[in-house]
*Asks:* 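One structure is given below, represented as structure tokens, and several questions about it will come after.
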Amino acid sequence: MSSRLSKALSLFLGILMLMFGSLKFFQPIRGWFDVQIQQSHLPHVAILAGKLTEMLTGVLFLLPWVWRSLTAKAKDQALLTACFLLLTQMVVAIYVHLQPGVPASVLPLGIKAPVIPSFVLLLDLLTAFDVLKHVRAEKA
């Protein structure tokens, strides 16, 4: 794995995504998430897919921390895959926040502006760029 920055961010993002993906299976967050998807006119399958991919993303971010026998290349690949998945999830989350039919009461902290997904997206991009910098340095 690359620097301390990507280590800290991958641990934080892994715990965050695994926790929130898991919490979406339980009330009241389950109901809020269902309303978000339905009111943003995404397909019904996006409800289960969103929960499972958030949990998968969390696992991929945490993989280098729990499976220490992975090669450096495998760790970087897991992190880059997690970063790509999280990027797509946060783009969808920003889209959902911007939909007029989605009430603020079903969004995290009741904030209509996509502040939280934008912040998570920023952390994700920082992680991805740091890992890519490390990969390029190894190739040189």
Side-chain angles (χ1 to χ4, degrees):
M1 202 176 327
S2 55
S3 73
R4 285 185 164 179
L5 174 67
S6 61
K7 288 179 183 178
L9 287 175
S10 68
L11 183 60
F12 173 74
L13 291 171
I15 291 169
L16 183 79
M17 297 310 294
L18 186 58
M19 179 181 64
F20 281 110
S22 300
L23 285 174
K24 287 180 177 147
F25 283 99
F26 303 101
Q27 292 296 352
I29 295 172
R30 177 184 182 168
W32 297 338
F33 185 69
D34 291 355
V35 170
Q36 290 173 26
I37 299 301
Q38 292 164 355
Q39 293 302 315
S40 58
H41 307 291
L42 293 170
H44 185 72
V45 71
I47 294 172
L48 182 59
K51 296 172 186 179
L52 294 177
T53 58
E54 279 190 22
M55 291 171 42
L56 173 65
T57 302
V59 168
L60 287 171
F61 273 118
L62 295 172
L63 196 60
W65 292 89
V66 276
W67 196 355
R68 298 199 184 263
S69 63
L70 284 176
T71 65
K73 182 179 178 180
K75 289 177 182 182
D76 290 338
Q77 288 173 338
L79 285 178
L80 289 174
T81 302
C83 287
F84 175 73
L85 286 171
L86 187 55
L87 177 125
T88 58
Q89 291 163 356
M90 291 304 105
V91 167
V92 171
I94 290 169
Y95 167 81
V96 168
H97 275 255
L98 295 176
Q99 294 306 301
V102 177
S105 61
V106 299
L107 294 169
L109 303 177
I111 302 171
K112 184 69 175 156
V115 175
I116 295 170
S118 297
F119 180 70
V120 173
L121 178 60
L122 175 66
L123 296 180
D124 179 53
L125 292 173
L126 285 172
T127 306
F129 288 130
D130 195 54
V131 174
L132 285 171
K133 183 176 78 174
H134 176 257
V135 168
R136 287 186 185 134
E138 281 185 344
K139 286 184 179 181

*Asks:* For the residue pair Thr88 and Leu85, what are the closest heavy atoms and their distance?
*Replies:*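 Looking at all heavy atoms of both residues, the closest pair is OG1-O, 2.7 Å.
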*Asks:* Would you indicate whether the side-chain heavy atoms of Ile37 and Phe33 approach each other to under 4.5 Å?
*Replies:*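 Heavy-atom side-chain distance check passes, below 4.5 Å.
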*Asks:* Looking only at heavy atoms, what is the nearest atom pair of Met55 and Phe25, with distance?
*Replies:*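 Where Met55 meets Phe25 most closely, the heavy atoms are SD-CE1, 3.5 Å.
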*Asks:* Compare all side-chain heavy atoms of Pro64 with those of Leu79 and state whether any distance is below 4.5 angstrom.
*Replies:*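 When only atoms from C-beta onward are counted, Leu79 and Pro64 do touch, with a gap below 4.5 Å.
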*Asks:* Would you say Val102 and His97 make side-chain contact, with heavy atoms under 4.5 Å?
*Replies:*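 No; the side chains remain at least 4.5 Å from each other.
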*Asks:* Below 4.5 Å, heavy atoms only, C-beta onward: do Phe61 and Cys83 meet side chain to side chain?
*Replies:*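 With C-beta onward as the side chain, the pair touches.
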*Asks:* Is it the case that over 12 heavy atoms from other parts of the model lie below 6.0 angstrom from the OH atom of Tyr95?
*Replies:*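 Counting other residues, nucleotides and ligands, OH of Tyr95 exceeds 12 neighbours.
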*Asks:* Out of curiosity, does Leu80 fall in the hydrophobic cluster containing Leu56 (side-chain heavy atoms, cut-off under 4.5 Å, transitive links)?
*Replies:*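 In one cluster with Leu56: Leu80, no.
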*Asks:* Any link between Leu132 and Leu121 through a network of hydrophobic side chains (Ile, Leu, Val, Met, Phe, Trp, Tyr) touching at under 4.5 Å?
*Replies:*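 As far as the 4.5 Å side-chain criterion goes, Leu121 and Leu132 are connected within one cluster.
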*Asks:* Below 4.5 Å, heavy atoms only, C-beta onward: do Asp124 and Phe129 meet side chain to side chain?
*Replies:*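 They are not in contact (no side-chain heavy atoms under 4.5 Å apart), so the answer is no.
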*Asks:* Is there a path of hydrophobic side-chain contacts, each under 4.5 Å between heavy atoms of I, L, V, M, F, W or Y residues, that connects Met19 with Val66?
*Replies:*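 No.
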*Asks:* Enter the distance from Leu5:CG to Leu126:CG here, rounded to the nearest 0.5 Å.
*Replies:*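 CG of Leu126 is found 6.0 Å from CG of Leu5.
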*Asks:* Can you tell me which residue pairs pass the salt bridge (charged side-chain N to carboxylate O under 4.0 Å, His left out) test with a partner in residues 87-101, sequence neighbours excluded?
*Replies:*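 Listed once each, the pairs would be none.
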*Asks:* Can you give me the closest heavy-atom contact between Thr57 and Ala82, atom names plus distance?
*Replies:*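 Shortest heavy-atom separation between Thr57 and Ala82 comes out as CG2-O, 3.6 Å.
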*Asks:* Below 4.5 Å, heavy atoms only, C-beta onward: do Leu62 and Ser10 meet side chain to side chain?
*Replies:*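 Side-chain contact under 4.5 Å: no.
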*Asks:* Could you report the tightest heavy-atom contact between Ala74 and Leu70, atom names first, then the distance?
*Replies:*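 Nearest heavy atoms, Ala74 then Leu70: CB-CD2, 4.0 Å.
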*Asks:* How would you list all residue pairs meeting side chain to side chain donor-acceptor pair (under 3.5 Å) that involve residues 44-56, not counting sequence neighbours?
*Replies:*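 Counting only pairs at least two positions apart or across chains, the side chain to side chain donor-acceptor pair (under 3.5 Å) contacts touching residues 44-56 are Lys24-Glu54, Thr53-Gln89.
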*Asks:* Closer than 4.0 angstrom, basic N to acidic O: yes or no for Lys133 and Asp130?
*Replies:*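 Looking at Lys133 and Asp130, the cut-off is met.
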*Asks:* For the residue pair Lys7 and Trp65, establish whether any side-chain heavy-atom pair is separated by less than 4.5 Å.
*Replies:*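 The answer is yes, as the side chains (C-beta and beyond) meet within the 4.5 Å cut-off.
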*Asks:* Hey, quick one: are Val59 and Leu48 part of the same hydrophobic cluster, counting side-chain heavy atoms closer than 4.5 Å, chains of contacts allowed?
*Replies:*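 Yes.
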*Asks:* For the CE atom of Met90 and the CG atom of Leu122, what is their distance to the nearest 0.5 Å?
*Replies:*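 Answer for the CE-CG pair, Met90 versus Leu122, is 12.5 Å.
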*Asks:* Pair Val131, Lys75 - check side chain to side chain contact (heavy atoms under 4.5 Å, CB included), show working.
*Replies:* CA-CA 10 Å; Val131 174; Lys75 289 177 182 182; over 6 Å; no
*Asks:* Filter on side chain to side chain donor-acceptor pair (under 3.5 Å), then keep only pairs touching residues 26-42, sequence neighbours left out; what's left?
*Replies:*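 Pairs touching residues 26-42 that pass the test: none.
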*Asks:* Less than 4.5 Å apart, side chain to side chain, heavy atoms only: is that true for Val96 and Leu42?
*Replies:*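 Counting from C-beta outward, Val96 and Leu42 do come under 4.5 Å.
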*Asks:* Is there a chain of hydrophobic side chains (I, L, V, M, F, W, Y, each step under 4.5 Å between heavy atoms) that links Leu60 to Leu125?
*Replies:*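 No, Leu60 and Leu125 fall in different hydrophobic clusters.
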